[in-house]
Amino acid sequence: MKLSADKLCCARGGRPVVSELSFSLSSGDGMMLSGPNGSGKTTLLRAIAGFGEITGGELHLDSLKDTDELSQACLYIGHHNAIKPQLSVQENIDFWASFGGGDVAAALASFSLEPIKDVPASMLSAGQRRRVGLSRLALAKRPVWLLDEPATSLDKASTKTLSQLMQSYLDEGGILIAASHTDFDITLNKNLVLGDQGTAL
Amino acid sequence: MFRYANPTRFMALTSVLLPWTIALTVVSFAAGLYGGLFTAPPDYQQGETVRIMFVHVPAAWMAMAAYSFMALASLVAIVWKHPLADVAAKSAAPIGACFTFLALVTGSLWGKPMWGAWWVWDARLTSMLILFFLYLGYIAIWQTIEEPIRAGRIAAILAMVGFINIPIIKFSVEWWNSLHQSASIIKVGGPSIHISILWPLLVMITAYTLLFAVLLMLSMRSEVLKRRIRSIRIAKVEGFG
Amino acid sequence: MNEFMAVLRRDIKLAAAQGGGLGMAIGFFLIVVSLIPFGVGPDLNLLARVAPGILWIALLLSVLLSLDRLFQADYEDGSLEHLVVGRAPLEFIIVAKVLAHWITTGVPLIMATPILGFFLNLEPDAFGILVLTMLIGTPALNFVGAAGAALTVGIRRGGLLLSLIVLPLYVPILVFGVSAVQSSMLGPDGSMQTMMILAAFTLASAALAPIAAAAALRANLR
């Protein structure tokens, strides 16, 4: 597996945000996106996931160029957790499992959600909600992970769990791009620092 | 009054009161229905149909009484912040809505032989219909707002606004109806009701009131338990980290 | 198919859960119809004459108002993004959502119409045909409305915009829905033709609206 961008340009709301970005990631590569607010980290991740305006350049996953198939290969975890407050933790994960496939028990176990699986999601704290959202990482097997500030409102222990999950994913040959201000316990082998104008520094 | 505002005391008190109230309700319903359906004479104009009155009038009376109770409980909840006043107001609403619905249905059944139509836009029935909508709105607030304290406050304000509005609505509906005065509207009762009709009616009103008390107690108990479960759950979720 | 059923089941469950607003559309429907006599007076003959039209207009408004949230909740909590890039075609997902919405609000609304028919002194003979035309015609309201809801998702004051966009598109359904009821009141078999046209609207909207809605959702997520 190889994810590569060649002079990729993306826009947000018609305004160019990311310009002429090139990178190449093979199986087992993790890339940390960093840069100030507004430098286009989210825009880039969303563009790869299929929700952005790609205004120039090319994006490839092996031979896949068509955005629909490429985005189906990606698991994008954005700022929102895609949780229904009226449903319990288990029901929420059940839905995503029946929608995209995957092992519910493994997902519940990944962020130790077992004890609160019957609680309506509306009762959860922000950190617990984030854990439910992230448990989808353990649900479906996808070749590319795109994580946007995954550690938001997580405590130390859960951040560690997340780091372990990311590490074992990379060991299995996954490709990972994360935008985060939090330090993980693992270091990703690639770094991409975006400047003010959305260009690589 | 303050003594019984404590949910634990309330649970203990109602568990003693409930069986007695249920027994009284059954007895008064039996007496009232017997009086209404068998001993009371048929009306010289309406015949046997008049017996619907013994089910309809108390229901209509309770529909308004329950709303008044709800508004009063809401006032207590807002001013004194009694933990049980909220619960009482919330529990009274669906019961009151059911009485209103019963009044509407029996009114409609009564109307068919009297007016020749299932529904006539008579001032009394129409006011009752609007009251039903007020109940629906109040219940919808509780359904929509998840957090009980906030839902309680907003619902309480609505109940009081509605209560102030009821006489205005009633007045304007009567005004509207008199503008379009249609055929003959039969007034229930009249200045002088014969004693053989009056006593079953009064017994039925008592029975309905007792039924309201029974249902209210049951509903409040389950609401108190529901809130306990909720707080236990929240404690559990928070303890889990 | 798996995804289709998953979305259908979830949306029905959500509608039934607290805050789903299942009863609210019916409440709105009841109130709108009950307001009419205050405006036109309680003359039963007059009410009976305008009843089919009033019931259809009130139904249409209730459906429209409840459609406002069809994609909005999924958009706000981020589910929509995942639904869009799922393996199942987005058009299927939209059909599942519309179907769930029809089952949870359309059908209960239709079941409430006979009660409202009594209020408006509609002839009991017309109840059956009224319910039948509504069963045939409301899916069209839902599908067309879903396309509108997809266009306005994520827009502030989207509810008003939605009405502005969709109500003109509801005109044909209203015309044929009402005329089917009225012609049935004149005599038997009078309504067959209009019902067929109504059914054609429903089938056409079921085929075309999901495509438009999917395109609109994709555009709104960019």
Side-chain angles (χ1 to χ4, degrees), chain A residues 10-15 17 42-43 45-55 66-88 91-102 120-123 129-130 132-133 136 139-140 142 144 146 148, chain C residues 1-24 69-97 100 104 150 153-156 211 214-222:
Chain A
C10 312
R12 185 179 59 224
R15 202 167 57 86
V17 177
T42 298
T43 308
L45 287 173
R46 287 178 64 88
I48 302 171
F51 315 118
E53 297 169 61
I54 295 181
T55 49
D66 172 53
T67 18
D68 269 4
E69 283 178 45
L70 203 158
S71 52
Q72 276 165 33
C74 299
L75 181 58
Y76 167 72
I77 305 262
H79 294 177
H80 299 294
N81 293 316
I83 295 175
K84 294 289 169 199
Q86 300 99 317
L87 301 181
S88 73
E91 283 171 328
N92 269 296
I93 299 176
D94 274 344
F95 169 70
W96 290 116
S98 57
F99 190 80
S122 57
M123 283 187 177
R129 277 171 209 233
R130 193 60 178 160
V132 176
R136 301 226 310 279
L139 201 58
R142 304 273 182 91
V144 180
L146 305 167
D148 196 354
Chain C
M1 212 52 207
N2 219 347
E3 279 88 349
F4 183 88
M5 289 311 291
V7 172
L8 184 69
R9 261 201 307 270
R10 183 195 68 159
D11 273 27
I12 290 175
K13 205 190 270 180
L14 285 175
Q18 213 183 23
L22 181 62
M24 259 184 279
R69 298 288 299 168
L70 185 64
F71 300 112
Q72 192 64 29
D74 282 340
Y75 176 79
E76 281 163 9
D77 68 19
S79 306
L80 194 57
E81 289 163 355
H82 299 285
L83 296 176
V84 167
V85 297
R87 279 173 303 188
L90 181 56
E91 288 79 3
F92 276 177
I93 304 300
I94 289 168
V95 173
K97 286 190 76 70
T104 54
V153 76
I155 295 175
R156 264 179 299 159
I211 299 171
L217 283 183
R218 288 209 181 90
N220 267 327
L221 279 178
R222 296 228 179 271

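Chain naming here is simple, since letters A, B, ... match the order of the sequence lines and numbering starts at 1 in each.
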Okay, A/Ala49 and chain C: the region with an atom under 4.5 Å from a heavy atom over there is backbone
Worksheet item: Does C/Gln72 reach the main-chain N or O of C/Gly154 with its side chain, forming a donor-acceptor pair under 3.5 Å?
Response: yes
Residue from C/Leu221, C/Leu80, C/Val84 scoring the most non-hydrogen pairs under 4.5 Å with chain A is C/Leu221
Assert top hit (heavy-atom pairs under 4.5 Å, partner chain A, pool C/Glu76, C/Arg218, C/Arg9, C/Met5) equals C/Glu76
>> Is it true that, when you exclude C/Phe4 itself, more than 12 heavy atoms of the residues, nucleotides or ligands shown sit nearer than 6.0 Å to its CZ?
In response: yes
Minimal heavy-atom distance between A/Tyr76 and A/Arg136, with the atoms involved, is O-NH2, 4.3 Å
For A/His80, the side chain to side chain donor-acceptor pair (under 3.5 Å) test, sequence neighbours excluded, returns none
So, the part of C/Ala88 with a heavy atom under 4.5 Å from chain A: the answer is neither
Under 4.5 Å to a heavy atom of chain C? For A/Arg12 that would be neither
With sequence neighbours left out, the residues meeting ring pair (Phe, Tyr, Trp, His ring centres under 6.0 Å) with C/Phe71 are none
